[in-house]
Amino acid sequence: MYIYRSTINTLVLILLPALGGMWTLQTGMLNISQEGSMLVAAFFAVLGSYIFSSFWMGLLFAIIASLVFNLIYAFFCVNLRANIWVIGMALNILASSLTILLLKSIFGVKGSFTSDKIQQIPFVHLGNLGIFNGIFNDFSSIVWLTLIIVILFKYIDSHTTFGFHLKAAGKNWRALDTAGVSSLKVRYMSILINAVLVGISGAYLSIGYLKIFNKDMSAGRGWIAVAAVIFGNGNFTWTIIATVAFGFMDALGISLQTYGLNSNLTLMFPYLAIVAALIYQGVKSSKKKAIEEKQ
Amino acid sequence: MSEIIRFNGVSKKFGKVVAVNSVDLSIENGEIHSIIGENGAGKTTLMRLLYGMYKPNSGKIFVRGKEVNFSSPKDAIDNEIGMVHQNFMLIDDFTVYENVVLGSEPHHLIYFDREKAKRKVEKLAKAYNIEIDVNDFIDSLSVGFQQKVEILKLLYRNAEILIFDEPTAVLTYQESKALFDTIRKFKAAGKTVIFISHKLKEVKEISDRVSVMRNGKLLDTLKNENLSEVELSKMIAGREIKNLTTVSLKKGETILEIDNLTAMGDKGIPAVKGLSLNVSRGEVLGIAGVVGNGQSELEEAIAGMRKITSGQIKFKGIDITKMSVRKRRELGMGYIPEDRIRTGLAPLASILENIIMGHQNEKEFSARLDFMRRRRAKRFANRLVNEYKIVCKSIDEQVGTLSGGNMQKVVIAREFAHDVDLLVVSQPTRGVDVGGIEFIHKGILAMKKSGKAVLLISSDLDEILQLSDRIIVMYEGQIVHSTSAKNADVQKIGLAMLGMRS
């Protein structure tokens, strides 16, 4: 039960950026600045929630921060067609140092900040459900929000014109442009949607189950999401499967520490799973690519 | 007749290059209006201005008497203008109906009504006698059918002004005829057609009026009735282009012998199936066929770029089946590959390096310890640049920065200039303008005259007919038709290209 609950808690963190990243990937843009966006959002969630003593303001701050961060990415990578890896890495490094700087200059602390003035995102108590208490009760409202978002994404992804345009933009943007739909707009939409989701995820990280901001507290979750996106390759089902698998390994690694396993070992779990999954996929797609390139 | 489109002093620059230079043009409602000119004359750019893909730097465009200022193709589509692009704007792993409705999908709010889309496209295809399964994926269709999908796209959007950009470049003889019938049907239905081409015959056949473009300028618009092909060709090139005639020579010794060759395609399916042929000195053997019927694989097998499953290749009597590319070239094989940029050139290397490439080990250019004899190499490269009129700043410029036509010239210069016994040349004039085509064709015939053997692979049937002594047609990896050029029958060859044996 403990592993189940901690898996759900970690899963939300990864699922939101994985879904957003899946759509940007469909339009042909792999967004690797998720880790940085998440971290910046987490910081601003604490800031907003601290200043106004309201989790709503925390959420709003987080989403705005993430939007700004993603717009920088969009401007460089979509408008100026810069290399996504260079810009993405720059943004990730910027996020890490920027939050430390702001932590010092706003709160005057090093490494970590917490306060009673910070309001937490509420949990949802469904009343007494008997044996289902452990399964459904007392999860953060973000968990339920994420569930709704997943269902919404599934519908939009396969049944709407917007989902259709996303894929068209990635496969042949010229065809989409000449059909009268601006591929630029479609790409921006996907990046902005992703920004909102990553913003929520960041807020959940800092004011969701705790009320604290630690430096580099995203701890690789953004990267795990990126790995899930790469593995899913724009496909909804595979992205979800990869996210659940990686999220489970992350939670498992943390849980096993309580059973006395060396933490240095268990922290490797999600990454081992990712490496294995990506090698499998890499071998598969390199074979396919070799065929396509020759044609 | 009333005027439907007018260009008034329209210009378009890309950087310093003036692609379209103050063009005045009037298109009448319901006519078939051809725009003819060499590659790079500005035809496509002019049409893209009309279709909203580019904005003019100066001048005005009027549609139905109203000045328009299109900022995207959407505005053009809203004005009932549609365009079939030279490189199809289709998404390969989408289905036919998905491609047709893209951008104007039947929908309820955000819901994409796929069933309704299928029905609408099916109905439309029926109305215009286009036999196509709307659930097929684009990459499973032949080029001819892909073009039909492009046409369906226009019809779906109720286009009244249809622009066709070099539509026959990729079609077989029969497919072109069918396309012309379709275009005539559009005219009968009151639609206006703008037809872009550099082929005189087609323009003569289809148009009501013809406009000629050269170097971005529109020279004149003429009624088709009063036009002669010779006059037109003079106008297009700005000088007289002589139709080449080939004289068959006495056959020399056999240079290339291929016996029962089988080779796999990239998908692991046999692409060349038990093919045998031979080429002799003083002979051009033309291989015709629709792209993707094993010609590329055959070409690669001969050049040593592709492993073969069975069979034998003999070159000058020597079995070269297992020889490396380098050895084959050292024996005297020249190779102008289909994909110039990827196979024929190293885009990041200089013109000098590309011209020497493959011959760097010859005594002429190679000193002791494999140092390059730079002065000789430079002299050689400079000579070729002048001789082949390659437009560049210097021979140290990267090849990848040249225009497509000039890149082609670098490959051609390299292969023509070195002394070879056999030249394997594939699609030599694809994307080359009329003047360039003439030059390349002359070069091929000169090779033949000097007693070399030429294997010419081309999807341009006119080219094959013009240059070859013998012609074979490849279909699905096999030779389905074989004839001497003298007795060649365009009808029969066209049918063979489509896989119908006569």
Side-chain angles (χ1 to χ4, degrees), chain A residues 23 25-28 78-79 148-149 151-190 192-193 232-236 238 283-295, chain B residues 48 51-53 70-78 81-85 87-94 98-114 117 138-139 149-150 153-154 156-157 264-269 271 291-292 296-297 300 305-306 338-339 342-343:
Chain A
W23 272 0
L25 181 69
Q26 284 183 358
T27 71
V78 180
N79 296 69
I148 295 168
I149 288 174
I151 295 165
L152 210 64
F153 255 66
K154 172 65 193 160
Y155 177 78
I156 294 175
D157 193 62
S158 45
H159 296 293
T160 67
T161 52
F162 178 67
F164 184 53
H165 291 166
L166 286 171
K167 289 163 198 87
K171 288 177 195 292
N172 186 351
W173 59 269
R174 282 190 189 86
L176 187 63
D177 275 349
T178 53
V181 180
S182 161
S183 60
L184 190 87
K185 275 187 200 159
V186 172
R187 285 194 170 147
Y188 259 88
M189 271 306 282
S190 74
L192 294 182
I193 291 169
N233 197 19
N235 178 293
F236 179 86
W238 282 108
V283 169
K284 231 174 52 178
S285 76
S286 73
K287 274 185 194 156
K288 214 172 126 194
K289 239 186 214 152
I291 289 170
E292 278 166 2
E293 258 172 23
K294 274 200 162 177
Q295 281 173 346
Chain B
R48 287 187 172 174
Y51 192 57
M53 291 171 79
F70 296 157
S71 56
S72 79
K74 186 167 189 333
D75 299 332
I77 293 167
D78 291 344
I81 298 172
M83 181 159 172
V84 173
H85 303 267
N87 303 311
F88 297 153
M89 297 292 180
L90 297 171
I91 299 172
D92 283 347
D93 45 6
F94 276 14
E98 285 176 331
N99 269 287
V100 172
V101 301
L102 178 66
S104 319
E105 303 88 353
H107 60 276
H108 312 291
L109 294 173
I110 58 167
Y111 176 70
F112 175 14
D113 192 340
R114 285 168 185 273
I138 296 297
D139 54 9
V149 178
E150 283 281 19
K153 268 166 86 173
L154 308 196
Y156 178 80
R157 289 166 177 74
M264 292 289 177
D266 292 317
K267 283 177 182 158
I269 306 161
V291 173
S296 317
E297 287 82 359
E300 287 172 11
M305 305 274 289
R306 177 177 294 272
E338 177 184 7
D339 191 340
R342 275 200 272 183
T343 319

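A, B, ... follow the sequence lines: proteins, then strands. Residue 1 opens every chain.
Distance check: B:Leu90 CG to A:Asn172 CG gives 8.0 Å after rounding to the nearest 0.5 Å. If you take CG on A:Asp177 and CE on B:Met53, they are separated by 8.0 Å, rounding to the nearest 0.5 Å.
For A:Met189, the CE atom sits in a loose shell: 12 or fewer heavy atoms of surrounding residues, nucleotides or ligands are nearer than 6.0 Å.
Ranking B:Ile77, B:Val101, B:Asp113 against chain A, the residue ahead of the rest is B:Ile77, based on heavy-atom pairs under 4.5 Å. Between chain A and the residues B:Pro73, B:Gly265, B:Ser72, B:Gly52, the most heavy-atom pairs under 4.5 angstrom are made by B:Pro73.
For A:Ser182, no part sits under 4.5 Å from any heavy atom of chain B, backbone or side chain. For chain A, the nearby part of B:Phe94 is the side chain; its heavy atoms alone come within less than 4.5 Å. For B:His108, no part lies near chain A; criterion is any non-hydrogen pair under 4.5 Å.
Here B:Asp93 pairs with A:Lys171 under the salt bridge (charged side-chain N to carboxylate O under 4.0 Å, His left out) rule; sequence neighbours left out. Partners of B:Arg114 under the salt bridge (charged side-chain N to carboxylate O under 4.0 Å, His left out) rule, at least two apart in sequence or in another chain, are B:Glu98. In this structure B:Asp78 satisfies the salt bridge (charged side-chain N to carboxylate O under 4.0 Å, His left out) test together with B:Lys74, sequence neighbours excluded.
Residues A:Tyr155 and B:Ile110 meet the side-chain proximity criterion, which asks for heavy atoms closer than 4.5 Å.
Residues of residues 160-169 of chain A lying within less than 4.5 angstrom of chain B, judged on heavy atoms, are A:Thr160, A:Thr161, A:Phe164, A:His165, A:Lys167, A:Ala168 in numerical order.
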